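See below for the structure under consideration.
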Amino acid sequence: MGLKEVLEISKPRIVVLLVITAVTSMYAASKLVGPELSLTGLFHIIIAGALASAGSSALNHYYDKDIDPLMKRTSTRPIPSGRMKASHVLFYGIAVSVASVVYAALTLNWTSTFFIGLGIFFYVIIYTVWLKRNNSSNIVIGGFAGSAASMAGWTAATGFVPPYGIDLLGFLVGFLVFVWTPSHFWCLAMKIRDDYAEAKVPMLPVLVGMHKTSKYILVNTAILLPYSLALSFIPNGLGIVYFVIAAASGGLMLVYHYKLTKNPTSDFAWKAYKVTAPYLTIIFVAIALDAAFHFRF
């Protein structure tokens with residue numbers, strides 16, 4: 001077992017994505033809600049968020065060790081390829097997940113700590129253990145794990161102030177991740193449909209076929225776009241900078257997902273996936289920019 005294998009089970013791309021959502025949410029909350037951003041708090045949310053994501057990903061590797069060898073995409077992962085022992089991955093996943101919650105409790109506030117723990121719970125227990133192999137709504141409900149990262153970042157800035165909960169804008173910003181996830185993941189599921197079929201994982205393309213899945217993706221994106229734009233029109237909401245970027249990026253997704261319904265193949269699903277994948281980073285950077293240059297309608 002080496003550093004390469006540890007990084008692989010930690011899924012660094014997901015770590016980076018979730019840390020970006022947490023950091024940009026924290027910055028936006030400090031500008032739009034207050035109090036003033038703490039650089040030490042920013043450092044702490046990066047560490048706690050990275051540990052939570054890495055630990056959750058490792059536990060996902062451990063639990064899926066029996067189906068990973070059946071899928072081409074995952075057959076070379078550290079456990080099925082024999083590069084790491086399953087027991088070592090389990091220990092690492094539990095240790096790092098626990099460390100993330102303890103670290104958050106010691107350095108952040110209890111609201112932010114709650115959302116970090118909730119994100120781990122949703123990804124490991126709700127998605128990986130309960131839903132992934134049993135229900136086609138697996139990725140829909142499991143997507144809330146990503147929302148928890150944004151909410152943890154938002155409340156890292158605001159959670160010291162009574163009533164210590166999350167305000168409406170913070171919740172709706174975090175919920176963007178939940179709404180985006182099906183469009184994103186179902187495109188990937190269309191690309192690797194045969195893998196999921198081989199492993200008997202009830203992803204939507206396996207159950208309803210490629211054409212129907214493409215329609216579900218279009219419907220979901222048609223919900224995502226107006227939802228994202230509505231955040232500029234709620235009381236004390238986001239502003240023009242965010243609205244313009246959200247309209248452009250969401251509109252591009254909608255175009256590609258409409259084209260996907262006309263060409264519901266794995267190759268075009270991969271193209272649509274590549275358009276969908278950067279959306280979350282773009283939209284959360286837009287939220288931070290909007291908070292920095294806040295021009296309301």
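Being a predicted model, the structure only gives us computed values, none of them experimental. Just the heavy atoms: all of them, side chains too, but no hydrogens, waters or symmetry mates, feed the values below.
- Within the cation-pi definition used here (under 6.0 Å to the ring centroid, within 45° of the axis), K259 qualifies as a partner of Y256.
- The 12-atom threshold is not exceeded at CZ of F91, counting heavy atoms of other residues, nucleotides or ligands nearer than 6.0 Å.
- For the atom pair L90 CG and H61 NE2, the distance stands at 13.5 Å (nearest 0.5 Å).
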Working for side-chain contact (heavy atoms from CB on, under 4.5 Å), residues L32 and N236: CA-CA 8 Å; L32 299 174; N236 302 314; over 6 Å; no
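- For an aromatic pair to be called close, the ring centres must be under 6.0 Å apart, and Y62 with Y92 fails this.
- Ring geometry for H184 against Y273 counts as parallel: the plane angle stays under 30°, on a 0 to 90° scale with 60° as the upper cut.
- Contact between C187 and T276 at its shortest, heavy atoms only, is SG-OG1, 4.3 Å.
- Side-chain atoms of I45 and L108, non-hydrogen and from C-beta on, do get closer than 4.5 Å to each other.
- Counting heavy atoms from C-beta on, the side chains of I192 and M71 never come closer than 4.5 Å.
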Would you mind writing out the side-chain donor-acceptor pairs for residues 217-227 within the sub-3.5 Å range, not counting sequence neighbours?
unit_1 : atom_1 : unit_2 : atom_2 : d
N220   : ND2    : V179   : O      : 2.8
N220   : ND2    : S183   : OG     : 2.7
T221   : OG1    : S183   : OG     : 2.8
T221   : OG1    : I217   : O      : 3.0
T221   : OG1    : H257   : ND1    : 2.6
Y227   : OH     : L172   : O      : 2.8

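- For the pair A28 and A291, the tightest heavy-atom approach, listed with the atom from each and the gap, is CA-CB, 3.6 Å.
- In terms of heavy atoms, A86 sits closest to I79 at CA-CD1, 4.0 Å.
- Side chains of Y242 and L289 form no contact here, defined as non-hydrogen atoms less than 4.5 Å apart.
- S100 approaches I120 most closely through the heavy-atom pair OG-CD1, 3.3 Å.
- Of all heavy-atom pairs between G159 and T111, the closest is O-OG1, 4.1 Å.
- Within the 4.5 Å cutoff, no side-chain heavy atoms of W270 are placed close to those of D267.
- Within the 3.5 Å criterion, the main-chain N or O of S214 finds no donor-acceptor partner in the side chain of T261.
- Using a 30° and 60° split on the angle between ring planes, Y279 and W180 fall in the parallel class, below 30°.
- Screening R77, R83, R13 against E8 for a salt bridge (charged side-chain N to carboxylate O under 4.0 Å, His left out) leaves a single residue, R83.
- Salt bridge status for R73 with D194: absent, with no side-chain N to carboxylate O gap under 4.0 Å.
- Between V177 and F284, some side-chain heavy-atom pair lies under the 4.5 Å cut-off.
- In this structure, CZ on F295 lies 13.5 Å from OG on S232, to the nearest 0.5 angstrom.
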Report, one line per pair, each donor and acceptor closer than 3.5 Å where one atom sits in a side chain of residues 140-153; sequence neighbours left out.
unit_1 : atom_1 : unit_2 : atom_2 : d
S147   : OG     : G174   : O      : 2.8
S147   : OG     : F178   : N      : 3.2
S150   : OG     : S25    : OG     : 2.8

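- In this structure, L118 is a member of the same hydrophobic cluster as I126, with clusters built from ILVMFWY side-chain heavy atoms closer than 4.5 Å.
- Residue I282 holds its CD1 atom at 9.0 Å from CD1 of I245, rounded to the nearest 0.5 Å.
- Under 3.5 Å, the side chains of N135 and S137 contain a donor-acceptor pair of N or O atoms.
- Here the OG-NE2 distance, from S112 to H44, works out to 11.5 Å after rounding to the nearest 0.5 Å.
- L176 approaches I283 most closely through the heavy-atom pair CD1-CG1, 4.4 Å.
- F115 and W110 are assigned to two separate hydrophobic clusters, defined by single-linkage of ILVMFWY side chains at heavy-atom distances under 4.5 Å.
- Results of the side-chain contact (heavy atoms from CB on, under 4.5 Å) test with V201 over D64, N134, I67, V206 single out I67 as the only residue that passes.
- Contact annotation: the side chain of K72 never approaches that of E198 to less than 4.5 Å [non-hydrogen atoms, C-beta and beyond].
- For K271, the NZ atom counts as loosely surrounded, since its 6.0 Å shell holds 12 or fewer non-hydrogen atoms of other residues, nucleotides or ligands.
- A donor-acceptor contact shorter than 3.5 Å links the side chain of S30 to the backbone of Y27.
- Residues passing the salt bridge (Lys or Arg N to Asp or Glu O under 4.0 Å) test with R296: none are found, sequence neighbours excluded.
- Of the possible polar contacts, one joining the T113 side chain to the A104 backbone as a donor-acceptor pair under 3.5 Å is found.
- Note that the CG atom of N263 and the CZ atom of F268 stand 6.0 Å from one another [nearest 0.5 Å].
- Counting heavy atoms from C-beta outward, R193 and M210 have side chains that approach closer than 4.5 Å.
- Residues T155 and I166 are in side-chain contact: their nearest non-hydrogen atoms beyond the backbone lie under 4.5 Å apart.
- Proximity of a side-chain donor or acceptor of D290 to a complementary backbone N or O of G239 within less than 3.5 Å is detected.
- Taking OG1 from T24 and CD1 from I287, the interatomic distance works out to 6.5 Å, rounded to the nearest 0.5 Å.
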